[in-house]
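The next block holds one structure in the form of structure tokens; read it before the comments.
All chains are named by letter (A, B, ...) in the order of the sequence lines, taking the proteins before the strands, and each is independently numbered beginning at 1.
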Number of protein chains: 2
Amino acid sequence: MYKPATIKDIALALHLSPSTVSRALRDGYEISEETKKLVVAYAEKVNYRSNPIALSLKNRRSYSIGIVVPKLANSFFSQAIAGIESIAYERGYHTIITQTHDSAERERINVNHLAQRSVDGLLISMSAETSDFSFLKSLHDDGLPIVFFDRIIDEIDTFKVTSDNFKGAYNAVESLIKAGKKKIALLANAPHLSITNERLAGYMKALADNHIHFKPELIRNCNKGGNDYQEVEDAVKDLLNAADKPDAIFVSSDRISISCVRALKNLNFDPKEIAIAGFANSDVVDLLYPSLSYVKQKSFEMGQIAVEMLLKLIESKYPITEFETRVLDTELHLQQPPLNLPR
Amino acid sequence: MYKPATIKDIALALHLSPSTVSRALRDGYEISEETKKLVVAYAEKVNYRSNPIALSLKNRRSYSIGIVVPKLANSFFSQAIAGIESIAYERGYHTIITQTHDSAERERINVNHLAQRSVDGLLISMSAETSDFSFLKSLHDDGLPIVFFDRIIDEIDTFKVTSDNFKGAYNAVESLIKAGKKKIALLANAPHLSITNERLAGYMKALADNHIHFKPELIRNCNKGGNDYQEVEDAVKDLLNAADKPDAIFVSSDRISISCVRALKNLNFDPKEIAIAGFANSDVVDLLYPSLSYVKQKSFEMGQIAVEMLLKLIESKYPITEFETRVLDTELHLQQPPLNLPR
DNA sequence: AGTGAAATCGGTAACGTTTGCATTGAATTT
DNA sequence: AAATTCAATGCAAACGTTACCGATTTCACT
């Protein structure tokens, strides 16, 4: 059985008390240089490592932060996590990553598990399914530092980072209009997500500013957030079989954008006839066919900002009451000119 | 400050001792039904959750397993993790996911951190950069259960799961030959990875079986494992600018396959002239252009099998000395017939 | 010589939980 | 009635660490 050396072992071997050893290892001022050297040397020899579990129990601090995202396979989130880690490691924190697969129940379980593992704080992007935030609210009320990113919620007052979803959507839809599209459908995520509504607003404003009448019948919500391909294909089929067939689709969600591309391919639609623009952070969007214009979020930066906010909360001596919601720009990548395809 | 209810709190409130409360909650036979009901009811009321940290300290068990992979953004790994979680949660274990970004140092840090957090076991797929396995070996010798998956190593004797990389490569290369390709280049990952060599062997055997002379000058290794796009583009450019230009490329690594597709696009090669076949687990491979034949690994299943092996190790009463290496089949998806592209 | 301040170290409790052992009281047996 | 059994509960130690409070020694200064 794996049994690492403890402070007690060292104390016993060196005929010292555990407290002296502890202080020597932490370079306490009250310990003589001589003893320190002795202890440090012996600790080195037996490869002593302080036991983080014992420390967590004692200090109620773990120097680790919990991350909760819907899906790791979603590039946006894995990029954001990379951003989080880049800062966290630098500051001496470890990360514990969990995914919810957009299930409200799994989210609750994961969050509670993290809280009890005494993570020092939580970074969370909400699952599409969650509508009851009370479990988070009570943890937050109890003093657990939480920062929301991307899929933020209004119900809890704390630091938040998200993208300028309104503008991102506006610009994408505008680009479609400028390309001559007149009937632009909207394929959206679950309607109670913050990002869904902001992007919907951007879509509507772009239409209005360009004097295009808004038609509710051109909107489809995919409540499973693109986790279920069939749902997306059905929506696309439904839209494109309508009498008043749209000439473009704006997709307001990362995963759904991909599914929409696949649907157009599977349904054999001519890419010339129906343009796509959508949010997408996959690192291969530019290689997809049919190709699309895409709105890319600054996922890595968002992760960095989120974790910095969280560390501010964690390390602050005094309770913080003034919170900020950072909104990041998005990047619009226009659909590439028609491929130079082989005949 | 966040402070959940403890057994002591309950004991105090109910004028009982902590031990009685503990036994009541675990349904100990020595406690009267009456008391049990009382305790359980009160625990429910104050939302008592046992403190996993204290339990870990006491039992030297954490009911959590550590996962170490090179990169979450790599679909293969996020799929494998989903497989791991599906079983782990069912069996009452939690997962702690970390990524190494193919850095040997980060790998060592993460592994040691997990070991000290007293995970009950480790699931690891090695970083491309690692050549010194001593840190793993010593942990394993000390009794930490470890299971390797996908990128396995010979140096440590334990359970392992990987794909039939030989056959996967063989079939892919064979399919290229059947499609009439004669000069097939190989774009490979770092040469000291287990999977690299197995796939190389499959490539060579397929050539030999089809009486194609093996030419070492058609091989390029990307030591950064596709994390550096430029490295791949350079290799592709180099290959295709040769006098004896290949008519196909077999890519023996997931990320590099994607980079290769991108390189062909950026370098403006005619997909008709140069075919690609490669390992790839991205969920959008089928939508890429230029398109390719791809070998898909059973990532989800691999994760499931790996975690089952690990749990066997963890929960076994007696030390296990007979180890198995499972080898999973791969699926070959042939390049789709030429797209019905718009003129 | 006496006082006291450093310097250096040890003892103990505490974090939350479990567990072997001791204790209590009541019920049962002889 | 005394002895024995049994059910129900409490006590204390332990997991590894640190913080507080003392204890001891040395040494300088009056």
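Applying the salt bridge (charged side-chain N to carboxylate O under 4.0 Å, His left out) rule to pairs touching residues 104-116 of chain B yields nothing, sequence neighbours excluded. Every pair tested for ring pair (Phe, Tyr, Trp, His ring centres under 6.0 Å) that includes a residue from residues 29-60 of chain B fails, sequence neighbours excluded, so the list is empty. For the side-chain hydrogen bond (donor to acceptor under 3.5 Å, both in side chains) condition, the pairs that include at least one residue of residues 301-312 of chain B, sequence neighbours left out, are B/Ser86-B/Gln304. Each salt bridge (charged side-chain N to carboxylate O under 4.0 Å, His left out) pair with one or both residues in residues 10-20 of chain B, not counting sequence neighbours, would appear here, but there are none. Evaluation of the side-chain hydrogen bond (donor to acceptor under 3.5 Å, both in side chains) test over residues 146-158 of chain A, restricted to residues two or more places apart or in two chains, returns A/Asp102-A/Arg151.
For DNA chain C, the residues of residues 5-19 of chain A within the heavy-atom distance limit of 4.0 Å (strictly under) are A/His15, A/Leu16, A/Ser17, A/Ser19, sorted by number. Residues from residues 42-53 of chain A placing a heavy atom under 4.0 Å of any atom in DNA chain C do not occur.
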Before giving the answer on side-chain hydrogen bond (donor to acceptor under 3.5 Å, both in side chains), spell out for A/Arg49 and A/Asn51 the whole-Å C-alpha distance, their side-chain angles and the decisive distance to 0.1 Å.
-> CA-CA 6 Å; A/Arg49 295 283 123 98; A/Asn51 181 327; over 6 Å; no
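Checked by atom type and distance alone, the side chain of A/Lys160 pairs as donor or acceptor with a backbone atom of A/Ile153 at under 3.5 Å. Between the side chain of B/Asn112 and the backbone N or O of B/Ile109 there is no donor-acceptor pair closer than 3.5 Å. With hydrogens and angles ignored, the 3.5 Å screen pairs a side-chain donor or acceptor of A/Ser56 with a backbone N or O of A/Pro52. With B/Ser316 contributing its side chain and B/Leu313 its backbone, the two residues share no donor-acceptor pair below 3.5 Å. Between the side chain of A/Glu129 and the backbone N or O of A/Ala104 there is at least one donor-acceptor pair closer than 3.5 Å.
Taking side-chain N and O atoms only, A/Arg23 has no distance below 4.0 Å to OP1 or OP2 of D/dA19. Checking the phosphate oxygens (OP1, OP2) of D/dT17, no side-chain nitrogen or oxygen of A/Ser22 falls inside 4.0 Å.
Applying the 6.0 Å contact sphere to OH of A/Tyr63 captures no more than 12 heavy atoms from other residues, nucleotides or ligands.
The 5' end of DNA chain D is approached more closely, in terms of each residue's nearest nucleotide, by B/Leu57 than by the other of A/Arg26 and B/Leu57.
The separation between B/Gln116 atom CD and D/dC15 atom C1' is 16 Å, rounded to whole Å.
For A/Phe76, the ring pair (Phe, Tyr, Trp, His ring centres under 6.0 Å) test picks out no residue, with sequence neighbours left out. Every residue was checked against the ring pair (Phe, Tyr, Trp, His ring centres under 6.0 Å) condition with A/Phe133, not counting sequence neighbours, and none meets it.
Ring geometry for A/His94 versus B/His113: interplanar angle under 30°, hence parallel rather than tilted (30 to 60°).
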Hey, what are the protein-to-nucleotides 5-8 of chain D N/O distances that come in under 3.5 Å?
none

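Nucleotides of DNA chain C lying under 4.0 Å from heavy atoms of chain A occupy a range whose first and last members, 5' to 3', are C/dT8 to C/dG16.
One axis for each end of the helix from C/dA1-D/dT30 to C/dT30-D/dA1, each built from five base pairs, and the angle between them comes to 70° at 10° resolution.
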